[in-house]
*Asks:* 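I am attaching a structure below and will ask some questions about it afterwards.
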Amino acid sequence: MSVKYIPVQWNPNKWVYDAIMVVAVALFLWIFIFIAPDVLNHNRAINPQIRNARAFGACAFFMLTIILMIGPLARLDTRFLPLLYNRRHFGVMAFFIALTHAFFVLDWYFSFTPINTYEALLSSNTSVTRLRGFPFEWLGLFALLVMGVMALTSHDFWLKFLTPRVWKALHFLVYPAYAALVGHVALGVLQDAQSPVMIASFGAAAGVVVLLHVAVALKERGGGGDAAAEAGEPGWEQVCQADDVREGFGHIGILASGERVAVFRQDGKLSAISNACAHQNGPLGEGRIIDCLVTCPWHGFQYDVTTGRSPAPFTEKVPTYDLKLVDGAVFVRSEANPPGTYVEPVPA
Amino acid sequence: MTLAALLVQLAGIWVWIGVAVAVVFLTIGVGRIDEDARGAYVFRPLVAPGVILIWPIVLWRWWLLETGRDAWPLRHRPQRRFHGRAWMVMAVAVPLIFIAAMLARQSQSDLTAPVLLSPPQEVSE
Ligand code: FES
């Protein structure tokens with residue numbers, strides 16, 4: 001959470017996360033470069049420059065693959081949530097690995113041209129109308145650019161400044177980028193690779209990513225909360241029964257506008273806040289009340305359930321909803337209160 | 001000028017404008033629109049590359065915040081549906097790209113066997 005911005009937020013958990021990640025990356029590169037050349041069986045003998053480029057490229061591809069798997073895994077099974085917690089460092093690292101790959105490539109294939117290196121990269125192959133021999137470098141360049149935008153806008157400052165909505169819209173670019181990356185690999189190195197291990201592992205990785213996301217999309221179709229019903233007074237909607245809300249936990253209701261409300265019970269009283277965390281719009285209603293504060297399941301931002309405010313010195317706020325009980329049914333006002341507005345909890 | 005040269009030149013211009021925007025935004029702007037940035041300086045160089053990359057978006061957001069046009073409810077309204085739809089497209093696109101690329105592969109045996117060329121004979125008179 002932010003108080004004053006600092007360059008990188010680390011804590012013991014993140015140190016462990018990052019350490020495991022760095023070791024895994026080093027291991028991958030070491031195996032690829034020194035142990036496996038024969039196993040991977042590059043069709044024609046390749047020189048160290050090309051091998052390095054391929055090692056870093058493969059590493060970046062598999063890192064992005066894992067990054068894209070974390071989201072759906074965490075949706076399917078909460079035991080994967082810890083992976084989500086520090087995914088940003090994972091993404092930044094993947095970008096730098098991909099950048100290293102790009103420099104190895106430029107330094108070898110494009111460094112002996114009489115024209116500008118980047119110009120050579122863009123002009124050496126322009127046969128976009130053919131599949132065989134397609135300029136796969138462009139696909140890689142696009143993916144690299146997107147990974148760069150994401151890595152360089154990963155600081156919490158960006159979330160607050162751009163708003164989670166715009167920030168996430170930018171991050172959606174990672175989907176076309178991944179498709180481009182699959183094309184980059186398949187139309188590039190795999191055209192040449194004779195080893196079935198290479199082809200199978202790239203194909204399987206991309207396949208798993210797609211399957212996981214489709215599984216989540218099917219699971220969540222319309223789900224993730226109960227649709228509210230407009231009843232009684234206009235401007236109020238019924239979101240659930242008071243009994244649905246367990247002490248210390250939340251219950252998510254979907255309003256007619258599509259907005260989600262998280263109803264919490266604390267000390268036997270009910271309060272309603274927006275379900276979207278101020279950080280990255282994580283689902284607050286799936287979080288728990290810890291030390292009297294609603295705790296976001298994604299990265300642990302906390303809010304007072306009566307005001308929607310993070311405890312001082314933090315400054316995050318989420319909107320609150322007026323709430324009332326009618327015969328054991330929980331009603332909230334359809335219009336949210338401005339973030340940070342106090343609402344008296346209702347005994348139930 | 002070739003298209004490639006033009007693109008490289010445009011990228012250069014983009015970066016220089018970005019640098020200018022970054023300098024102004026990170027010295028004057030950021031403290032005006034974000035209370036958490038006041039008195040915090042070390043993080044600023046770290047976000048500078050991001051400003052350089054997406055400076056038009058930075059200018060647009062800065063303007064919204066400065067003029068009080070930022071609509072707060074939007075902040076709390078994620079576009080949830082987009083993921084599902086995007087992956088339905090991806091579920092078709094990614095396998096299609098991969099399979100098409102694999103079908104385009106040439107088998108080594110189809111290729112004409114390489115011939116070692118000998119240097120042209122010197123013509124002796
Ligand atoms: S989304 Fe990051 S803490 Fe809630």
*Asks:* Taking every non-hydrogen pair under 4.5 Å, which of B:D34, B:L53, B:I97 racks up the most with chain A?
*Replies:*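 Option with the top pair count is B:D34.
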*Asks:* Within this structure, what is the OG1-CG distance for the pair B:T2 and A:L122, rounded to the nearest 0.5 Å?
*Replies:*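 Spacing of OG1 (B:T2) from CG (A:L122) equals 9.0 Å.
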*Asks:* Grab the two heavy atoms, one from A:L131 and one from B:A104, that are nearest each other, plus how far apart they are.
*Replies:*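 Looking at all heavy atoms of both residues, the shortest contact is CD2-CB, 4.0 Å.
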*Asks:* Considering only heavy atoms and a distance below 4.5 Å, find which of B:L103, B:V58, B:L3 pairs most often with chain A.
*Replies:*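 Ranked by heavy-atom pairs under 4.5 Å with chain A, first place is B:V58.
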*Asks:* Select one option (side chain, backbone, both, neither) describing which atoms of A:S274 are under 4.5 Å from chain B's heavy atoms.
*Replies:*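 Side chain of A:S274 only, per the 4.5 Å heavy-atom cut-off to chain B.
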*Asks:* Hey, does A:I199 have a side-chain heavy atom less than 4.5 Å from the side chain of B:R105?
*Replies:*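 Counting from C-beta outward, B:R105 and A:I199 do come under 4.5 Å.
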*Asks:* Can you label the angle between the A:F161 ring and the B:F25 ring as parallel, tilted or perpendicular, going by 30° and 60°?
*Replies:*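 Geometry flag for B:F25 against A:F161: tilted rings.
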*Asks:* Between B:R61 and A:T163, which heavy-atom pair has the shortest distance, and what is it?
*Replies:*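 Minimum heavy-atom contact is NH2-CG2, 3.4 Å.
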*Asks:* Where is the tightest heavy-atom contact between B:F98 and A:L190, given as atom of each residue plus distance?
*Replies:*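 For B:F98 versus A:L190, the nearest heavy atoms are CE1-CD1, 3.8 Å.
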*Asks:* Heavy-atom distance under 4.5 Å to chain A: side chain of B:M88, backbone, both or neither?
*Replies:*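 Just the side chain, heavy atoms under 4.5 Å.
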*Asks:* Heavy-atom count around B:E66 CD within 6.0 Å, excluding the residue itself: above 12?
*Replies:*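 Yes, the 6.0 Å shell around CD holds more than 12 heavy atoms from other groups.
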*Asks:* With chain B as the partner, which of A:N116, A:V214, A:L162, A:V149 has the greatest number of non-hydrogen pairs under 4.5 Å?
*Replies:*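 It is A:L162.
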*Asks:* Distance check, rounded to the nearest 0.5 Å: B:M102 atom CE versus A:F202 atom CZ?
*Replies:*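 Separation between the atoms: 10.0 Å.
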*Asks:* Take a 6.0 Å sphere around CZ of A:F96 and say whether it holds more than 12 heavy atoms from other residues, nucleotides or ligands.
*Replies:*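 At most 12 heavy atoms, drawn from other residues, nucleotides or ligands, come within 6.0 Å of this atom.
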*Asks:* Between A:Y118, A:Y178, A:F157, A:F136, which shows the greatest number of heavy-atom pairs under 4.5 Å with chain B?
*Replies:*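 Maximum pair count with chain B is reached by A:F157.
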*Asks:* Could you tell me if the side chain of A:K168 sits less than 4.5 Å from the side chain of B:F82, heavy atoms only?
*Replies:*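 A side-chain contact is absent here, since even the closest heavy-atom pair is not under 4.5 Å.
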*Asks:* Taking all atoms of both residues into account, what is the closest heavy-atom pair of A:A186 and B:A101, and its distance?
*Replies:*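 Looking at all heavy atoms of both residues, the closest pair is CB-CB, 3.5 Å.
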*Asks:* Taking distance alone, no hydrogens or angles, what donor-acceptor pairs closer than 3.5 Å link side-chain atoms of residues 38-50 of chain B to residues at least two apart or in another chain?
*Replies:*
residue : atom : partner : partner atom : Å
B:R38   : NE   : B:G31   : O            : 2.7
B:R38   : NH2  : B:G31   : O            : 3.3
B:R44   : NE   : B:A40   : O            : 2.8
B:R44   : NH1  : B:L26   : O            : 2.7
B:R44   : NH2  : B:A37   : O            : 2.8
B:R44   : NH2  : B:A40   : O            : 3.4

*Asks:* Can you confirm whether more than 12 heavy atoms, excluding those of A:R132, are under 6.0 Å from its CZ atom?
*Replies:*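 Yes, the 6.0 Å shell around CZ holds more than 12 heavy atoms from other groups.
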*Asks:* Between B:W87 and A:L218, is any pair of side-chain heavy atoms under 4.5 Å apart?
*Replies:*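 They are not in side-chain contact.
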*Asks:* Taking all heavy atoms of A:E119 and all of B:A4, pick out the closest pair and write down the distance.
*Replies:*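 Taking A:E119 first and B:A4 second, the nearest heavy atoms are O-CB, 3.7 Å.
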*Asks:* Output the distance between atom CG (A:L170) and atom CD1 (B:I57), rounded to the nearest 0.5 Å.
*Replies:*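 Spacing of CG (A:L170) from CD1 (B:I57) equals 4.5 Å.
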*Asks:* If you round to the nearest 0.5 Å, how far is CG of B:L65 from NZ of A:K160?
*Replies:*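 The CG atom of B:L65 is 10.0 Å from NZ of A:K160, to the nearest 0.5 Å.
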*Asks:* Could you measure the distance from the CG atom of B:D36 to the OG1 atom of A:T315? Nearest 0.5 Å is fine.
*Replies:*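 OG1 of A:T315 is found 4.0 Å from CG of B:D36.
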*Asks:* Out of A:I115, A:T153, A:V318, which one racks up the most heavy-atom pairs below 4.5 Å with chain B?
*Replies:*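 Counting heavy-atom pairs under 4.5 Å, the top option is A:V318.
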*Asks:* Heavy-atom distances under 4.5 Å only: say whether B:L6 touches chain A with side chain, backbone, both or neither.
*Replies:*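 Neither; nothing under 4.5 Å.
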*Asks:* Is B:A5 close to chain A through its backbone or its side chain, or both, or neither, when contacts mean heavy atoms under 4.5 Å?
*Replies:*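 Both parts, heavy atoms under 4.5 Å.
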*Asks:* If I measure from the heavy atoms of chain A, does B:V89 come under 4.5 Å with its side chain, its backbone, both, or neither?
*Replies:*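 Neither; nothing under 4.5 Å.
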*Asks:* For a quick test of reading the model, state the closest non-hydrogen atom pair linking A:A206 to B:V94 and the distance between them.
*Replies:*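 Distance-wise, the nearest heavy atoms are CB-CG1, 4.0 Å.
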*Asks:* Distance from A:Q191 atom CD to B:Q106 atom CD, nearest 0.5 Å?
*Replies:*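 Going from CD on A:Q191 over to CD on B:Q106, the span is 8.0 Å.
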*Asks:* Tell me whether B:W14 at atom CH2 has more than 12 heavy atoms from other residues, nucleotides or ligands lying less than 6.0 Å away.
*Replies:*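 Yes, the 6.0 Å shell around CH2 holds more than 12 heavy atoms from other groups.
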